[in-house]
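Scroll down for the structure; my scribbles are underneath it.
Chain naming here is simple, since letters A, B, ... match the order of the sequence lines and numbering starts at 1 in each.
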Amino acid sequence: MTKEITITVDGRKVKAAEGLYLLDVLKRNNIYVPSLCHHDQVHPYGVCRICIVEMELNGRRKVMSSCNLKIADGQVFHTTSEKLTKERKILMELMLARSSGAKEVIELAQRLGVEETRFPKEDDGCIMCGLCVKACEQVVGVSAIGFESRGPNRKVSAPFDVEAERCIGCGSCVFICPTNFIKMEDKNHVRKIPLWHVELKMKQCKSCGPDIAPEKQLEYIRNKVKLPENFFDTCLNCRP
Amino acid sequence: MDNAKVDKIVEKHKKDSCQLIGILQDVQKVFNYLPKSALDHLAKKLDIPESQVYNVATFFKAFSLNPRGKHIVHVCMGTACHVRGAKRIMEDVARELSIPEAGGNTKDMEHTVEQVNCVGACALGPVIIYDGEYHGSMTPEKTLKLFKK
Amino acid sequence: MKRQRLNSQESLKKYREALVKARDPNQKVITVCGGTGCIAYGCKKVVEAFKTELEKQGLTDKVKLLVTGCHGFCERGPLVVIRPENLFYQRVKAEDVPEVIEKTVKNGELIERLQYEGKDKKKILKEEDIPFYAKQQRTIFGFNGYVDPKSIDDYIAIGGYSALPKALLEMTSEKIIDEVKKSGLRGRGGGGFLTGAKWEICAAQADQTKYIVCNADEGDPGAYMDRSVLEGNPHSIIEGMLICAKAIGASHAYVYVRNEYPLAVENLGIAIEQARELGLLGKKILGSDVDFDITVNRGGGAFVCGEETALLNSLMGKTGEPHQKPPYPAISGLFGKPTIINNVETWANVPLIISKGSAWFASIGTEKSKGTKIFSLVGKINNTGLVEVPMGMTLREIVYDIGGGILKDKKFKAIQTGGPSGGCLPEEKLDLMVDFDKLTEAGSMMGSGGMIVMDESTCMVDLARYFIDFLKGESCGKCTPCREGLKQMSGILNRICDGNGTEADIETLKDMSETVKDASICALGGTAPNPVLSTIKYFRNEYEAHIRDKKCLAHTCKKLIKFEINQKCTGCTRCVKTCPTTAISGKVKTVHNIDQGKCIQCGVCVDRCPFEAIDVD
């Protein structure tokens, strides 16, 4: 049994299990803190920094991201100070400058009171949240894609920016991408994910015909869970 | 043949993927850069994803994924060298050798010029390292002479 | 020679006694500095010349040749010090060697041209009397001049590894931690956290596996003290880590060294091998229950790896991506285990604290910053080099008394402390006492100890741009404020330097600085805006001159300067021949002219002109 502890958020006492992430606790208690790079399925990476809060520490307040902050008894947090409001706005300005066309960024910026950015605009659909890379590693377990370079040149890519050999075409990266930057297309029994330079043959259901999933993905699952060779010959619907 | 060279390096580091940076340093020493084939083989040997190798190889400044020239020249751009005129040296070298100011290979592949951030010889600034050898108190003229040698 | 393992305090004592007995205190020793600076100035040839000459004269038995680590006075290299008299020779060349042996070593005569000359033109005889050294307190760095870094015997002979048996066999873990705490030692890597307190937290962790890491990824441009300690006295680092091993209960350490420091890697490797041979690394060290060994890891060139969480990731074969603290490494570090990370200079202090006692250490320095600190004093200063001074010395004393003032007697403009994310302090701060807190209060920081002196020819806006561009490129790119924030700040600063700045830019820079500092994951972003904030605070007029008047007061921002030929021109045509863009025209023996449309402000003509005939405005 995990211990129940009490933290203080904006003057209000909140009870929660020790070791939970602050952002999750705030959500459960209907305390709104904006977030962008957070997703329940992957370990919090804490990179967009929009979910910052202030934590009292030795008489001072320290700004920290809440998504990856494990709570401990007696901690005192502030989520709505003037400082945080201002800093979140600047962060949104920075994100708007990078991804001026991303709907999700524009919407969140507006919600936080930012209509325009002071900085020169670019239209990079990728906000560098890293969810695709993390999902590929932590959820799928293949690490077909990763980061490249560093600083302002950092981007997500397949190794050497050529066909991602390990990619099984499961599409997790596509589904988890918050800005719909990673595109996927199934056509003529081929699945394409252009960003990773991947084209994979789809397997069809032997009895009803349509595509089930990429052959590579089905093989991956079969090997992982030790399923018989013919397990994916038919789709779910056609199984007895 | 090339794979055997990589194998030897991996063995030297006891197949420890924690030593990846050191391994890449050694691989680069052998090939003068990091060829894709060597890195692919390395990933298999160490049993780590290619994405990790690629990430590390592109993250650290010491590594080059492209072939480099016969002589490697580092122009120190550290602060002490900066205030003593390193930028001028880099500009002049770039102009004389027709390479970008950020550094690069000369057309004849004789030289690769790279900017580095402080080589820890700050008292001698501006510093140039030509094939591993330190040259201190450099001027644009002295630097260009090094290239002509 | 295969050495015998020392398996008790007694055997180490005997080993040391035998070494000391075999050494004559009056032995003539020719000490040649073999630090990186002196190597660049050609000391290897000097060493070879000494070897040949000593052999030729049949003096190899009588005179010892000692190649040491860095002595610190890099400006004057190659340095030669003749002991036991400590006669100091500077800028020694291979050609000087026969004369040094013939005159000085054999007959005690001095060679004036190799001696240091004071400001009053008087020659100074001894190393310790040279102003550069006289005001220093070289408790750590002083050993460099007396040991061959490749010889464990040299270290043992001067009393090295004497703190080790004390810590391993006579003191409890608690007692060691208590001593380090009482000494007041704070981390020399920049953080300034109390070392003993960190050890205490780590020691209290229940996990049985703990690690020690030496951060030798000295990435601060303008700082090289860790390099010199590691190259010159690697055993002091090993001894420091061994003491910590006992204190916290660790059995393995990693030293993360920059690959740019090949000599440090080499000397450390040799030192580890020798320590293993003597049983000072390995199992049951000196008969205690401490097992300990060290692995050396090389870095790959990333400033951010100086940040401890980034360094740990890098040690695990990944990129140098930091994570938010807590959790602190002392609780969850390498492979998730409690880990103590200290930097080179911090480790070097530890044996001294144990052997001389915490009270001795705490007697040096200021109220909250104890001990000495090594600074790399570089830039536009006469005596560039490494200086070790007690905490609390004023900047003025360091710059003028030790550093000998500004190069070419120009006017002091600013001193930048704390590396790229430190701050620039102006002349009115020269009487500031240097310690962790005073520097922070003034808007700069201690950092790892870089001190870069600037004169009137350095443009402070350009300098802020230089630092932000540097940090932008060194940012790992993981979090938004650092990656995007520094990119935008760089854009603004570049705009200002190009003469396209607006009045609002200064406020925007200040606004952004706060956000980048607060919201970034690690200390790189957390301190990156410091050079911008401190230059705005102390040199706002330069920003305003760029923005309002389109003028660069230091005449360095290219878009804001113009080269013009004045009447001093003799028409020698030298500039015409060197101008890369053929912007200069003029007949022989007539005043030349620069075509402003073609001029790229490269400055080659200014360098070439012997008559000061080219004005920069």
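- Ring planes of C:Tyr466 and C:Phe470: parallel class, angle under 30° (limits at 30 and 60°).
- For C:Leu407, the part lying near chain B is the side chain, with the backbone staying farther off; criterion is any non-hydrogen pair under 4.5 Å.
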(Q) Does B:Lys36 form a side-chain contact (heavy atoms from CB on, under 4.5 Å) with B:Leu65? I'd like the steps, not just the answer. (A) CA-CA 7 Å; B:Lys36 180 178 183 297; B:Leu65 293 180; over 6 Å; no
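- Neither the backbone nor the side chain of C:Leu377 comes within less than 4.5 Å of any heavy atom in chain B.
- Heavy atoms closer than 4.5 Å to chain B are found in the side chain of C:Tyr41, but not in its backbone.
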(Q) Would B:Thr139 and B:Arg88 count as a side-chain contact (heavy atoms from CB on, under 4.5 Å) here? Give the steps. (A) CA-CA 9 Å; B:Thr139 60; B:Arg88 257 294 304 282; over 6 Å; no
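- Using cut-offs of 30° and 60° for the angle between ring planes, the C:Phe73 and C:Phe132 rings count as parallel.
- For C:Arg227, the part lying near chain B is the side chain, with the backbone staying farther off; criterion is any non-hydrogen pair under 4.5 Å.
- Classification of C:Arg465 and C:Asp462 as a salt-bridged pair holds, one side-chain N sitting under 4.0 Å from a carboxylate O.
- With a 4.5 Å cut-off on non-hydrogen atoms, C:Asp220 touches chain B through its backbone but not through its side chain.
- Two rings, from B:Phe147 and B:His111, have their centers less than 6.0 Å apart.
- Using a 4.5 Å cut-off between heavy atoms, C:Val304 touches chain B through its side chain atoms alone.
- For C:Ala223, the part sitting under 4.5 Å from any heavy atom of chain B is the backbone (N, CA, C, O) and nothing else.
- Heavy atoms closer than 4.5 Å to chain B are found nowhere in C:Tyr254, neither backbone nor side chain.
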